[in-house]
**Q** 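Here it is, the structure in full.
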Amino acid sequence: MKILVSGGCGYIGSHTVVDLLKENYEVVIVDNLINSKREVLDNIKKITNKEVTFYKVDLCDKEKLKEVFEKESIDAVIHFAGLKAVGESVEKPLMYYENNLISTINLLDLMREFNVKKIVFSSSATVYGNPDSLPIYEDFPLSTTNPYGTTKLMIENILKDLYKSDNSFDITILRYFNPIGAHKSGLLGEDPNGIPNNLMPYIVRVATGKFPILNIFGDDYKTVDGTGVRDYIHVCDLSYGHVLALKNKKTGLKIYNLGTGKGTSVLELVKKFESVNGVKVNYQIAPRRDGDIDACYASNEKAVKELGFKPKYTIEDMCRDSYNFVKMNTN
Ligand code: NAD
Ligand code: UDP
């Protein structure tokens, strides 16, 4: 079975490609490398000893994308490609709407034209806005607080409408919680350019001395120690969720949370990181960050029951693997 992986050179996409190759799927990556590097392809080869077909194509360029569909006989698509920085999306909303929506519409239209009806889409827990209760179930009300999140919700709606119009589509929407960690080889991981927005990449950079201090955004949330609580999931557990989604016997339009179901506070994560890696992470309490919520963690019952999703990595694994990746890739 040949899978087109859009955004397959990125953080979650590259780990998923490794899993797909291990399961003997053929992989065609389409990525414009706007937030990733070509060397990822060499590292995927080192890990799996298998080849992927790569097209450096922007999904917004429909003619170029069509050439990929003409050349390759695609059976299913996993759609990771998109811009994902919340803060940047507030500053440059048009760029986010254009990139994330046009790329998806082009992709879906070509899938329709070439009769490729199976797609797995990367959505996010951000579509739940500020939930009224926890854990978060898939049928909770949806709302967003920034343009990035709105693109995810709009794409979910586009997929739902597409399915209504043609129920031979087989669509899986995966709502990710907070992926961290890296491949245990140290060859794949998250390598954001510039100053990272997310907590774990920031913690790692403080631990390696690249940044002097971590700002903890708020210690007066209604949580165990006042700092924000999130559901961190190892990227390798998350990536395997995509293989399970492809193998799912259930067809139609399906939505699953991919999280561990456990909440961890910022301070708990910092302390775990220090003890697992034997390093100090300097931090200070800073004002709350706009748009942040107290706590967010998944119910993953539906994914466990219907997909056989079983996260196996611990917070300790996530802290160790994140640090290992950055140590191996510094300089
Ligand atoms: P990433 O930035 O590492 O990977 C995205 C990839 O898509 C990059 O390689 C980038 O070059 C490519 N890309 C972007 N726009 C493109 C375009 N127009 N044409 C071709 N390629 C394009 O991000 P990631 O963390 O791997 O996230 C993958 C997906 O999961 C994204 O859609 C993201 O919004 C979603 N997601 C991520 C998180 C997270 O915390 N990492 C959480 C929830 C959802
Ligand atoms: N956070 C923090 N300092 C940082 C980055 C994040 O205290 O430099 C906190 C943030 O307020 C939230 C948690 O860490 O409570 C996770 O934030 P992240 O941006 O990683 O994920 P998201 O906001 O998407 O859940």
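Atoms within each ligand, like the ligands themselves, are counted from 1 in listed order.
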**Q** Which option wins on minimum heavy-atom distance to atom 19 (O) of ligand 2: R230, R288, R289, R205?
**A** R289
**Q** Please tell me whether T260 and D231 have a donor and an acceptor in their side chains that are separated by less than 3.5 angstrom.
**A** yes
**Q** Numbering the atoms of ligand 1 from 1, which are under 4.0 Å from a heavy atom of D58?
**A** 17 (C), 18 (N), 19 (N)
**Q** Could you check whether D225 and S265, counting side-chain N and O atoms only, form a donor-acceptor pair closer than 3.5 Å?
**A** yes
**Q** Do we see a donor-acceptor contact under 3.5 Å between the side chains of Y256 and N248?
**A** yes
**Q** Test D317 against K312 for salt bridge (Lys or Arg N to Asp or Glu O under 4.0 Å), laying out the working first.
**A** CA-CA 10 Å; D317 297 326; K312 59 181 185 191; over 6 Å; no
**Q** With atoms numbered from 1 as shown, which atoms in ligand 1 lie under 4.0 angstrom from a non-hydrogen atom of L33?
**A** 11 (O)
**Q** With a 4.0 Å heavy-atom cut-off (strictly under), which part of L214 contacts ligand 2: side chain, backbone, both or neither?
**A** side chain
**Q** Would you confirm whether the ring centroid of F177 sits within less than 6.0 angstrom of the ring centroid of Y232?
**A** no
**Q** Would you mind telling me if ligand 1 is within reach of the side chain of K152, the backbone, both or neither, using heavy atoms under 4.0 Å?
**A** side chain
**Q** Taking 4.0 angstrom as the limit and counting only heavy atoms of Y232, give me the atoms of ligand 2 inside it, by number and element.
**A** 13 (C), 16 (C)
**Q** Considering Y202, F217, Y148, which one's heavy-atom position lies nearest to atom 7 (O) of ligand 2?
**A** F217
**Q** Looking only at non-hydrogen atoms, which of N35, I29, V5 approaches atom 2 (O) of ligand 1 most closely?
**A** N35
**Q** Identify the closest protein heavy atom to atom 11 (O) of ligand 2: which residue and atom is it, and at what distance?
**A** D292 OD2, 2.6 Å
**Q** Tell me: protein heavy atom nearest atom 22 (P) of ligand 2, and distance?
**A** N178 ND2, 3.6 Å
**Q** Suppose I only count heavy atoms of S122 and a 4.0 Å limit; which atoms of ligand 1 are within that range?
**A** 29 (C), 30 (O), 32 (O), 35 (C)
**Q** Is ligand 1 less than 4.0 angstrom away from at least one heavy atom of S6?
**A** no
**Q** Can you find a pair of side-chain heavy atoms, one from E26 and one from M1, that are under 4.5 Å apart?
**A** no
**Q** Would T104 and H79 count as a side-chain hydrogen bond (donor to acceptor under 3.5 Å, both in side chains) here? Give the steps.
**A** CA-CA 8 Å; T104 305; H79 180 33; 3.0 Å; yes
**Q** Looking at G228, which atoms of ligand 2 are within less than 4.0 Å of one of its heavy atoms?
**A** 15 (O)
**Q** Output the list of atoms in ligand 1 that are nearer than 4.0 Å to some heavy atom of G10, sorted by atom number.
**A** 3 (O), 4 (O), 9 (O), 26 (O)
**Q** List every atom of ligand 1 that sits less than 4.0 Å from any heavy atom of P179, numbering the atoms from 1 in the order shown and giving each element.
**A** 39 (C), 40 (O), 41 (N)
**Q** Can a donor-acceptor pair be found between the side chains of T144 and T150 at a distance below 3.5 Å?
**A** yes
**Q** Need the ligand 2 atom indices (1-based, order shown) with element for anything under 4.0 Å from a heavy-atom of I216.
**A** 7 (O)
**Q** Can you list the atoms of ligand 2 that are under 4.0 Å from a heavy atom of N197?
**A** 5 (C), 19 (O)
**Q** For residues D321 and H234, is any side-chain donor paired with an opposing acceptor at under 3.5 Å?
**A** yes
**Q** Report yes or no: does a heavy atom of Y283 sit under 4.0 Å from some atom of ligand 2?
**A** no
**Q** Give yes if a backbone or side-chain nitrogen or oxygen of V266 is under 3.5 Å from a nitrogen or oxygen of ligand 2, and no if not.
**A** no
**Q** At under 4.0 Å between heavy atoms, which part of V229 makes contact with ligand 2: side chain, backbone, both or neither?
**A** neither
**Q** Does the side chain of T126 come under 3.5 Å of the side chain of Y148 through a donor N or O and an acceptor N or O?
**A** no
**Q** Can you tell me the protein heavy atom closest to atom 18 (P) of ligand 2 and the distance?
**A** N198 ND2, 3.5 Å
**Q** Looking at V57, which atoms of ligand 1 are within less than 4.0 Å of one of its heavy atoms?
**A** 19 (N), 20 (C)
**Q** Walk me through whether T227 and D219 qualify under side-chain hydrogen bond (donor to acceptor under 3.5 Å, both in side chains).
**A** CA-CA 5 Å; T227 65; D219 67 348; over 6 Å; no
**Q** Among protein heavy atoms, which sits nearest to atom 3 (N) of ligand 2, and what does the distance come to when rounded to 0.1 Å?
**A** N215 O, 2.7 Å
**Q** Taking the six-membered ring for Trp and the single ring otherwise, decide whether the centroids of F69 and F114 are under 6.0 Å apart.
**A** yes
**Q** Side chain, backbone, both or neither: which part of S123 has a heavy atom under 4.0 Å from ligand 1?
**A** backbone
**Q** Kindly indicate whether a cation-pi arrangement holds for R288 with Y221, taking the cut-offs as under 6.0 Å to the six-membered ring centre and within 45° of the axis.
**A** yes
**Q** Going by distance alone, is a donor N or O of one side chain under 3.5 Å from an acceptor N or O of the other, for E67 and Y55?
**A** no
**Q** Show which atoms of ligand 1 fall inside a sub-4.0 Å distance from at least one heavy-atom site of N99.
**A** 15 (N), 17 (C), 18 (N)
**Q** For K254, I'd like to know if atom NZ has over 12 heavy atoms of other residues, nucleotides or ligands within 6.0 Å.
**A** yes
**Q** Looking just at side-chain N and O atoms, do N24 and K50 make a donor-acceptor pair shorter than 3.5 Å?
**A** yes
**Q** Quick one: look up the protein heavy atom nearest atom 6 (C) of ligand 2 and list residue, atom name and how far away it is.
**A** L199 CB, 3.7 Å
**Q** Side chain, backbone, both or neither: which applies to Y176 and ligand 2 if a contact is any heavy-atom pair less than 4.0 Å apart?
**A** neither
